[in-house]
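A short worksheet on the structure shown next.
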Amino acid sequence: MSFLAPLFLAGLALIAGPILFHLIRQAPRNRIPFSSTELLDHSQPKTESRRRIQNPLLLIIRCLVVALLALAFARPFFPEQSLSSASFTPSIDRVLLIDMSASMQRPGVSDSLEESVREILSAAAPQSRISIFGFSDTVTPIVTAEQWQNWPIDQRTQLALQRIAATPVTDFPTRLDLAIEHGLDELARLGEQTEEKRIAELIALSDFAKGSSFSGLAGLDWPNETFLKRIQVAPTPPPVNASLSWAGWEWNAEQQLFAELRLSLDSPPEKPLDLSVQAFHAIEAQPLSQPVTAVLAAGKGFVPISIPLATGSDELPIRFELSGDEVAFDNQLYRAPRFIPTVTIALLSDAQLADPQQAPYFIEKALKGIDNPRTRLLPVDSFSTDADLTIVDKPLDRQSLQRLRSEAQTGGTAFLIVSDSSKEDTLRALFDDRQWQIDETLDQDLRIGEIDFEHPLFEPFADPRFSNFANINTWKAPRIQFPDSPDIRKLASYDNGSPLLLEAKLGGGTVFVWAGDWSPRSSQWALSSKFVPFLYQLCLQSIGGPPPANNLYLDRALLAQQSIRADQLPITRAGMYQVEGRGNAPWLALQVDASESSLHPIDEDEWDRLGLPEYDPSRISQVAQSIAAASSRESSQQLEERQAVWKWTLWLVILLLLSESLLATKPARTKGEQAA
């Protein structure tokens, strides 16, 4: 038997009370003389050597009452062997984070990783829950805790190792901070699934190279009873690693083309190191140059390299190959040729390009000043389905409206210059909405008022140095009444509140409506310094935005900024890729992030500054004992509440008190009957 509150057993000392009361015998104080005893001789009373208990059964009952009350307050229960703290072992939740980044491709790393993972999984207790994730610049689940628990116990380790082997190492960079934060979230998720107190271990297996991103770990709120274990699975010391980076194109006086590279080492060599670099066509694998040798002197960390190439090679996809370096994962450098897209513009107008008093004249001059993207202006009044942008400066007939509407609905861009009420029917027919209304042109001095600088057309002017539009005068501008629709947005207005520029969605395309004329006699807009940048932004919007960079480090965040999803190509390795269906960059060159080339491990001082909990087996043992003790107390309380021995003890006390009352009154009745 065990007790929840054993201190109450001290109440057993109160048993001495009934015993003392039964042993105390007091002589009567008042003597009553009887006549029949007057003739008797006085005699001394006999003294007894010990006192005798007159009613031992009553004493026993009273002692039992006191003892049982003390026992009931101590909350007794009968323990089960399975709940004893000596046999209780706290369960463990483990999350394994396995580095799958570029630097883990070094020779010998995979074997060391497999050995470490096998040791961890084989030593896991059957009741432990284990989740396994691979990480680089994102985190990928390999084995979930639910899968681990559903597998046969004797096959768990082998099945997990098979899944890890089937998860390829990528060329993406190492986001160690992202992985650890994800691991903590997984441990929190596992903890929410049970009320049982468990030890949480986060085990990271990586080379922990200096190039890893770990700044996000500083000041991380670390949960109690959660431990981080770092297992380095890379050779120590790491080999000297060389890598390539791009410096640019150069031409000498004879117009000879050179590719300028920089060959760097993650640490200066102790002895001279001979390396060579050669250029190849990235797709056809044909050599484009002879190998160029570079010698890195002892103690020197980098050296520039110039590789002579044939004229026009800068328009080819190129792969530069580094030889002589024992670490090969970063020995390639890819270079995609610069791609400048072309924007085809159709201008529908009754005016001629040579007329300096009309808008087409200024549109043509402005487009000639735009070189990236290239612009191709079709002959005036030539409608083309190949046009990326259609500028309309006249009323359209029914056939032209149908074609323009069809182009806009399929993703095209149209820009309508509304100079007077003659364009009202064009607007109504284009949007199939008669709520469009154009008031007559008023002769007045208007200036540009409010502008939405968050829109891409005006975003370049958001800087206070360029945001002043108030000095651009407009003398003739109609007032446009437009439907109240979420698909129509006012981007700019005149100082009298009437709209200047509207953006309307039509199917999958966009239609811009400008209230006013671009001719010099009606407005200063085409003569202002804002006109060419505005037209440039309009061209970019018609092809889906600025041309994306086509020479990038392999990083999902950088790809996302270029609206490229790595899982759509798919991309896991550095190399040359062709992005189909974008209409912008046909070639995309991706390099291994330069940070991955730094293979030396993170200094312990850096870890100390992060303030992460160190893996301490003695501390884990203390926590395990604390959890075991707490779990034993909780189990004991649940068992005591289920057995409720104290209730039966109280019922027994009540029965004993009734018996005690009967026994205590019986001698009194007997004496009364004898006296009668």
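These numbers come from a predicted model, not from an experiment. The figures that follow rest on heavy atoms only: side chains count, while hydrogens, waters and symmetry mates do not.
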- Item | Residue pairs, two or more places apart or on separate chains, that pass ring pair (Phe, Tyr, Trp, His ring centres under 6.0 Å) and touch residues 403-434 | F415-W518, F431-W436
- Partner set under side chain to side chain contact (heavy atoms under 4.5 Å, CB included) for Y553, not counting sequence neighbours: L558, Q591, D593, A594
- Can you pull the salt bridge (charged side-chain N to carboxylate O under 4.0 Å, His left out) pairs that have at least one residue in residues 395-406, sequence neighbours excluded? none
Enumerate donor-acceptor pairs with a distance under 3.5 Å from any side-chain N or O in residues 354-365 to protein atoms, sequence neighbours excluded.
residue: D355; atom: OD1; partner: Q357; partner atom: N; Å: 3.0

- Go through the structure and list residues passing ring-ring contact (aromatic ring centres under 6.0 Å, His included) with F461, not counting sequence neighbours. F469
- Message: List the residues meeting ring-ring contact (aromatic ring centres under 6.0 Å, His included) with W249, not counting sequence neighbours, and say none if there are none.
- Response: W246
- Query: Taking only residues two or more places apart in sequence or in another chain, which ones pass ring-ring contact (aromatic ring centres under 6.0 Å, His included) with F214?
  - Reply: none
- Message: My understanding is that only residues two or more places apart in sequence, or in another chain, count here; which of them pass side-chain hydrogen bond (donor to acceptor under 3.5 Å, both in side chains) with T174?
- Response: S101, E596
For a quick test of your reading: what N or O donor-acceptor pairs under 3.5 Å do the side chains of residues 336-350 make, sequence neighbours left out?
residue: T344; atom: OG1; partner: R376; partner atom: NH2; Å: 3.1
residue: S349; atom: OG; partner: A351; partner atom: N; Å: 3.1
residue: S349; atom: OG; partner: D393; partner atom: OD2; Å: 3.3

- Note on the structure: Residue set satisfying side-chain hydrogen bond (donor to acceptor under 3.5 Å, both in side chains) with D137, at least two apart, ordered chain then number -> R556
- Item | Listed partners of S485 passing side-chain hydrogen bond (donor to acceptor under 3.5 Å, both in side chains), at least two apart | none
- Would you please say whether a donor-acceptor pair under 3.5 Å links the side chains of S206 and D99? yes
- Kindly indicate whether a cation-pi arrangement holds for R262 with F302, taking the cut-offs as under 6.0 Å to the six-membered ring centre and within 45° of the axis. yes
- Task: Name all residues meeting the ring-ring contact (aromatic ring centres under 6.0 Å, His included) criterion together with F458; count only those two or more places apart in sequence or in a different chain, and write none if there are none.
- Result: F534
- Item | N-O pairing of E192 and R189 below 4.0 Å | no
